[in-house]
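Structure record follows, encoded as structure tokens.
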Amino acid sequence: MRKHFLYFSLLLFVMMYTLSSAIAQDNKYKDIIKTDGLKNKKYLASISGIADMELFKPVNINLGMSFSGSIRLLYKPKLNKGKSVYSPRIIEREIYIKPTVGYIYRKRYNTALFFIPEIAYRHTFYKGVFLELNMDVGYMFTKMNAPVYERQDDGTFKEVFFGHHNLMLGGKLVAGYDFSKNMRTPLAINFGTGVFYRYPSNQKWIRHIYAEVGLSYVFRRAKE
Amino acid sequence: MQLNFKILSILFFAVAVLAGCSPDPKPNGDQVDNYYFVKVGDVALPVRVCGNIKSDVAIIFIHGGPGGSAQGERGNIYWKEIEKYYKVIYYDQRGSGVTQGNVPPSEMSIEQFSEDLDNIVDFTKQVAKASKVFIHGASWGGGLATYYLLDTTHQNKLKGAIIESPAYDIKNGAVLSIQWMLHKADSMIALGKNLDYWNNCKNYYSIHPILTYNEFKQHQSYLTQVYGLVSNGANIQVQSISTPKVELALGYSNAEFAPATLTYEGQSIFTHLDLTSKLNQIKLPVMLVWGAQDGLLPKNNLAEKFVTNVGSLNLKYDDTKYLLSAHLPHFEEWQQFDVDTKAFVEANK
């Protein structure tokens, strides 16, 4: 319980500190969000808290974090009619590639370290609310979280470093709010749920369901 | 305003760190509770060492299933008393419980499981620092323990073995279990209870006269209806324990994998495991325990056959005990089991 408290305190601290220091200029992005062609560049730097949930009895929650950098590959804005011709409603449709590294910690069992290049489609509505669908294929290393001993040829036991290599396959659905779209703050928050499978375990896929809450720093720049 | 906010954030974080940095609750007094993994090939067998830190006597618990787990076994109140006096080693077998790794079906054999158990015995002596080691095998674990003891080299490493309702002869035990079940079905029909269900039960066994892995789940379902696995659940007592943060989905996957793949001499254990002719090779002290109400591996005549064939001259078995228990007496009559275990260990250590 105390470990969970420390984990959530750390996450809250990062979010609060970032919010307190991320004040942009008024109307900074007003002229950057353009509708004709790729007129702006956009990058994201994200940190997320993960809760890997075992829904069997007893319910078991293991915590982790992930860090990703998002690079926008495709941008297709859509212009909807607004209240006047001078204030159109811009809907952003984007595809990102998001190299992600992270971990999930299971006390006295294993720590799962993963690297996944995510492909994401993000649909941002005119007010800043967005939905994002991610697909992941990557690598996971599960390291044992207790001393590992192996019997040697002479019959003695020696402590060794040990873990397993896994393929990771999954996806997630995320919703959030992009403050940088209509406000002066270059941040976005998101929350969602996902599933991933790791392989192999006795030639089988082992399923995990997780929840995620994250914070992103949004870099928007006008393209020359 | 911005600076004050930053200072408050830092102070908040500092307080959270101090509050959160408390150590895990330590076992009381002379008790130990340590986790390890024992690597055998590409698998990591989880091993938990609990009990009296000062004792040089250890009991290795060999879980049942196959495919079960020893991680929750400590919740059985029986072990609370045993851990006061001795070290107890709880480990999950290959491809079972929450053991990690990618085990090919070719390695899921009783022969390999015996080799894994030998690793655990040596680990117990060297790392857990117990010079006198006993094994306690229950159900499938009793069958594995029996196979392990067929090797004289293995016997020489141990002081004794506690064998509880052992699956040393699944091939004939399944036939006896079906007969036991059919007798119970007839009784239920004679009492006029749920006639359709029990007639279907009898029909099921006429279609499946030999139980393979595929039929065992249904068979256990029928046994549960007539208390053939647990005779009286009210006798069972549990205690709260901590468990590692395992992948529960893995445990469920292994519970299916192990029974479906386990072999003896290359054939499925459900149709081919019969160690009766080799029991005479077991010479070390043995305590045999069998519940009178056991429907999965009926005491009559599996217990008598074990007693008749085992080679040990120091066999402790009382046919008049455990009359209230079904398949696992150390759950149902744990007080008597505690007394018998301590007497056996003290007499043979």
Side-chain angles (χ1 to χ4, degrees), chain A residues 1-10 12-17 19-21 23 52 54-63 104-110 112 142 144-151 155-157 159-160 162-166 198-209, chain B residues 1-6 8-10 12-22 24 34-44 46-48 94-95 98-105 108 118-119 122-123 125-127 242-254 256-258 261:
Chain A
M1 197 64 197
R2 285 184 176 177
K3 294 290 183 185
H4 290 183
F5 178 72
L6 175 62
Y7 172 85
F8 285 114
S9 301
L10 174 63
L12 194 61
F13 168 76
V14 169
M15 291 173 77
M16 286 164 60
Y17 189 86
L19 276 169
S20 70
S21 57
I23 306 293
D52 176 31
E54 304 274 6
L55 300 179
F56 303 103
K57 274 190 176 180
V59 175
N60 190 13
I61 297 176
N62 300 294
L63 299 177
I104 296 171
Y105 174 72
R106 300 186 185 93
K107 184 180 173 185
R108 287 177 152 177
Y109 194 64
N110 69 32
T142 46
M144 303 298 122
N145 276 346
V148 183
Y149 284 87
E150 185 177 27
R151 188 167 68 181
T156 60
F157 274 82
E159 191 170 346
V160 297
F162 187 50
H164 293 99
H165 304 282
N166 301 273
R198 72 166 181 83
Y199 179 88
S201 176
N202 304 334
Q203 300 83 48
K204 294 187 192 318
W205 294 86
I206 302 298
R207 187 189 68 183
H208 291 271
I209 296 171
Chain B
M1 178 65 185
Q2 189 172 344
L3 179 61
N4 286 342
F5 192 85
K6 284 186 185 179
L8 282 171
S9 304
I10 292 167
F12 173 78
F13 175 64
V15 169
V17 167
L18 290 170
C21 282
S22 60
D24 286 331
N34 292 331
Y35 278 88
Y36 305 90
F37 289 95
V38 172
K39 178 179 181 291
V40 185
D42 194 41
V43 298
V47 180
R48 188 174 187 176
R94 177 179 293 256
V98 291
T99 292
Q100 300 175 70
N102 186 36
V103 184
M108 292 295 288
D118 194 54
N119 272 261
D122 287 346
F123 171 87
K125 291 191 164 203
Q126 293 184 39
V127 182
S242 67
T243 51
K245 292 283 200 175
V246 300
E247 292 177 87
L248 284 176
L250 174 62
Y252 282 91
S253 173
N254 284 346
E256 297 283 330
F257 174 71
T261 53

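In what follows, every chain begins at residue 1, and chains take the letters A, B, ... in the order their sequences are listed.
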Is the shortest side-chain heavy-atom distance between [X] and [Y] below 4.5 Å?
X	Y	answer
Tyr36(B)	Val148(A)	no
Phe123(B)	Arg151(A)	no
Glu256(B)	Lys204(A)	no
Arg106(A)	Val246(B)	no
Arg108(A)	Lys245(B)	no

Top contributor to chain A interface from [options] [non-hydrogen pairs under 4.5 Å]:
options	answer
Val38(B), Asp42(B), Asn34(B)	Asp42(B)
Gly101(B), Pro46(B), Pro104(B)	Gly101(B)
Leu250(B), Val40(B), Thr99(B)	Leu250(B)

Quiz prompt | Modelled atom types, side-chain donor and acceptor of Asn202(A) and Asn102(B), under 3.5 Å | solution =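 Asn102(B) and Asn202(A) do not have a side-chain donor-acceptor pair below 3.5 Å.
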Quiz prompt | Spacing of CE belonging to Met144(A) relative to OH belonging to Tyr35(B), to within rounding of 0.5 Å | solution =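 So the CE of Met144(A) and the OH of Tyr35(B) are separated by 15.0 Å.
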Quiz item: Roughly how far, to the nearest 0.5 Å, is OG1 of Thr156(A) from CD of Gln126(B)?
Solution: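 So the gap between those two atoms works out to 6.0 Å.
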Self-check item: Side-chain donor/acceptor of Gln203(A) to backbone N/O of Val103(B), under 3.5 Å
Solution: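 Yes.
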Quiz item: Considering all heavy atoms of both residues, which atom of Glu247(B) and which atom of Glu54(A) are nearest to each other, and what is their separation?
Solution: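 So the minimum-distance heavy-atom pair works out to CA-OE2, 3.1 Å.
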Quiz item: Checking heavy atoms, do the side chain of Asn145(A), its backbone, both or neither come under 4.5 Å from chain B?
Solution: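 It is the backbone, since no side chain atom gets that close.
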Quiz item: Pick one: which of Val127(B), Asn119(B), Asp122(B), Val47(B) meets side chain to side chain contact (heavy atoms under 4.5 Å, CB included) with Tyr149(A)?
Solution: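 Of all the options given, the one that passes is Val127(B).
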Exercise. Just jot down the salt bridge (Lys or Arg N to Asp or Glu O under 4.0 Å) partners of Arg94(B), sequence neighbours excluded, or say none.
Key: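 If we apply the salt bridge (Lys or Arg N to Asp or Glu O under 4.0 Å) test to Arg94(B), skipping adjacent residues, the hits are Glu107(B), Asp116(B).
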Quiz prompt | Partners meeting ring-ring contact (aromatic ring centres under 6.0 Å, His included) with Phe37(B) (sequence neighbours left out) | solution =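 Result, ring-ring contact (aromatic ring centres under 6.0 Å, His included) vs Phe37(B): none returned.
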Self-check item: Geometric cation-pi criterion, Lys39(B) with Phe162(A): 6.0 Å, 45°
Solution: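 Cation-pi check for Lys39(B) and Phe162(A): passes.
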